[in-house]
**Q** 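Below is one structure. I have some questions about it.
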Amino acid sequence: MTGCQNAASDPSYSSLPEVTDSNFQQSVLEEDQPVLVEFWAPWCRPCIEMIPLLEEVSEQFAGRVKILRMRIDENPATAAKYEIDAPPAFLLFNEGKVFNRRLGKQTQAQLTRLIEKVCAETASTTEK
């Protein structure tokens, strides 16, 4: 059955959009809302385990924060630029700059707190 796998049987499949070296500037740095990028690899078990949590957090913050994934093996330029040595790594961008970064597997609560910080800061700057 080699070569007959579909997306549903691929453990690294996620409904979250992928970002690449070529569209990173537009998809992340020029985005109007905060963007959380997971730098991942298909051989990284913690990365695969993070998928359901990331999808849930994405639904929770829909319309306020964009969540994307980037395969470090296929996008070495961006991974190197942000000094990503090992997946998973999470970089939260706001207004084109790194707002916060977390390395290693995260819990849903950790991701939520991370995103809530940027949402609170974004809300306070728009209220001024």
Side-chain angles (χ1 to χ4, degrees):
M1 290 293 267
T2 307
C4 295
Q5 282 190 327
N6 61 22
S9 65
D10 179 354
S12 67
Y13 174 77
S14 168
S15 63
L16 296 171
E18 290 277 338
V19 64
T20 64
D21 284 344
S22 62
N23 67 8
F24 189 84
Q25 178 76 29
Q26 181 181 5
S27 298
V28 178
L29 302 180
E30 295 174 4
E31 183 61 46
D32 292 336
Q33 63 185 352
V35 181
L36 177 67
V37 180
E38 177 200 22
F39 290 83
W40 73 285
W43 44 262
C44 165
R45 181 174 272 320
C47 298
I48 305 306
E49 293 169 357
M50 291 295 308
I51 293 170
L53 297 179
L54 282 169
E55 290 177 341
E56 215 166 293
V57 170
S58 178
E59 288 176 23
Q60 182 182 347
F61 290 96
R64 296 187 289 160
V65 176
K66 193 163 131 183
I67 298 180
L68 304 173
R69 301 177 81 215
M70 175 176 266
R71 286 179 70 155
I72 60 171
D73 296 341
E74 295 177 2
N75 300 283
T78 305
K81 178 179 179 180
Y82 291 100
E83 301 175 348
I84 306 300
D85 297 326
F90 300 88
L91 269 61
L92 182 59
F93 292 85
N94 190 31
E95 298 177 352
K97 296 179 178 64
V98 176
F99 177 83
N100 208 329
R101 67 188 293 144
R102 293 274 174 84
L103 304 176
K105 188 174 175 183
Q106 304 292 303
T107 65
Q108 187 169 344
Q110 288 171 315
L111 289 173
T112 300
R113 278 195 304 274
L114 178 68
I115 293 170
E116 284 172 345
K117 284 182 189 171
V118 77
C119 288
E121 184 168 299
T122 303
S124 69
T125 56
T126 55
E127 290 170 7
K128 291 179 183 173

**Q** Specify the closest pair of heavy atoms between A41 and D73, including all atoms of both residues, with the distance to one decimal.
**A**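 Looks like CB-OD2, 4.1 Å.
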**Q** Rounded to the nearest 0.5 Å, how far does CG of N100 lie from CG of L92?
**A**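 Spacing of CG (L92) from CG (N100) equals 6.5 Å.
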**Q** Under a 4.5 Å cut-off applied to non-hydrogen side-chain atoms, are F61 and K66 in contact?
**A**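 With C-beta onward as the side chain, the pair stays apart.
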**Q** Hey, does V37 have a side-chain heavy atom less than 4.5 Å from the side chain of V19?
**A**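 Contact flag for V19/V37 side chains = yes.
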**Q** Working to the nearest 0.5 Å, report the span between CZ of R102 and CD of Q110.
**A**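 Reported to 0.5 Å precision, the distance equals 6.0 Å.
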**Q** Grab the two heavy atoms, one from P87 and one from I72, that are nearest each other, plus how far apart they are.
**A**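 Reported closest heavy-atom pair: CD-CD1, 3.6 Å.
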**Q** Are L114 and V98 linked, directly or through other ILVMFWY residues, by side chains that come within less than 4.5 angstrom of each other?
**A**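 No, separate clusters.
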**Q** Are L54 and L111 side-chain neighbours, meaning at least one heavy-atom pair lies under 4.5 Å?
**A**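 Side-chain contact under 4.5 Å: yes.
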**Q** Give the minimum heavy-atom separation between E74 and P76, together with the two atoms involved.
**A**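 E74 and P76 have their closest heavy atoms at C-CD, 3.4 Å.
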**Q** Once rounded to the nearest 0.5 Å, what's the spacing between atom CE of M50 and atom OG1 of T107?
**A**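 That separation rounds to 8.0 Å.
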**Q** Taking side chain as C-beta onward, heavy atoms only, is R71 less than 4.5 Å from W40?
**A**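 In contact.
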**Q** With sequence neighbours excluded, tell me which residues meet salt bridge (Lys or Arg N to Asp or Glu O under 4.0 Å) with K105.
**A**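 Applying salt bridge (Lys or Arg N to Asp or Glu O under 4.0 Å) to K105 gives E49.
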**Q** Can F99 be reached from L103 by stepping across I, L, V, M, F, W or Y side chains whose heavy atoms are under 4.5 Å apart?
**A**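 No, it is not one cluster - the side chains of L103 and F99 are not joined through contacts under 4.5 Å.
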**Q** Of all heavy-atom pairs between D21 and A77, which one has the smallest distance, and what is that distance?
**A**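 Result for this residue pair: OD2-N, 3.3 Å.
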**Q** Show the numbers, then the answer: is there a side chain to side chain donor-acceptor pair (under 3.5 Å) between T20 and N23?
**A** CA-CA 5 Å; T20 64; N23 67 8; 3.1 Å; yes
**Q** Would a 4.5 Å heavy-atom cut-off, applied to side chains only, mark V57 and T112 as touching?
**A**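 Contact flag for V57/T112 side chains = yes.
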**Q** Using the ring of each side chain (for Trp, its six-membered ring), is F24 parallel, tilted or perpendicular to F93, with breaks at 30° and 60°?
**A**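 Because their plane-to-plane angle is over 60°, the rings of F24 and F93 count as perpendicular.
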**Q** Should E55 and I67 count as side-chain neighbours, where that means a heavy-atom distance under 4.5 Å?
**A**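 Sidechains of I67 and E55: no contact.
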**Q** To the nearest 0.5 Å, tell me how far N94 CG sits from K117 NZ.
**A**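 It comes to 14.0 Å.
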**Q** With a 4.5 Å cut-off on side-chain heavy-atom distances among I, L, V, M, F, W and Y, is there a chain of contacts connecting I84 to V28?
**A**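 Yes, I84 and V28 fall within the same hydrophobic cluster.
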**Q** From Q108 CD over to Q60 CD, what is the distance, rounded to the nearest 0.5 angstrom?
**A**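 Result: 6.5 Å between the selected atoms.
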**Q** Rounded at 0.5 Å granularity, tell me how far CZ in F39 sits from CZ in F90.
**A**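 It comes to 11.0 Å.
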**Q** Identify the two heavy atoms, one from E38 and one from P88, that lie closest to each other, and give their separation to 0.1 Å.
**A**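 Closest approach of E38 to P88: OE2-CB, 3.9 Å.
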**Q** Would you indicate whether the side-chain heavy atoms of L16 and S58 approach each other to under 4.5 Å?
**A**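 Heavy-atom side-chain distance check passes, below 4.5 Å.
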**Q** Please examine the side chains of L36 and L68, heavy atoms only from C-beta on, and report whether any two atoms are closer than 4.5 Å.
**A**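 L68 vs L36: side chains apart.
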**Q** Can you see which heavy atom on P42 is nearest to which on I48, and at what distance?
**A**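 What the structure gives for the nearest pair is O-CD1, 3.9 Å.
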**Q** Given the rule in the side chain to side chain contact (heavy atoms under 4.5 Å, CB included) test, do Q33 and V65 qualify, once you have shown the distances and angles that lead to the verdict?
**A** CA-CA 6 Å; Q33 63 185 352; V65 176; 5.8 Å; no
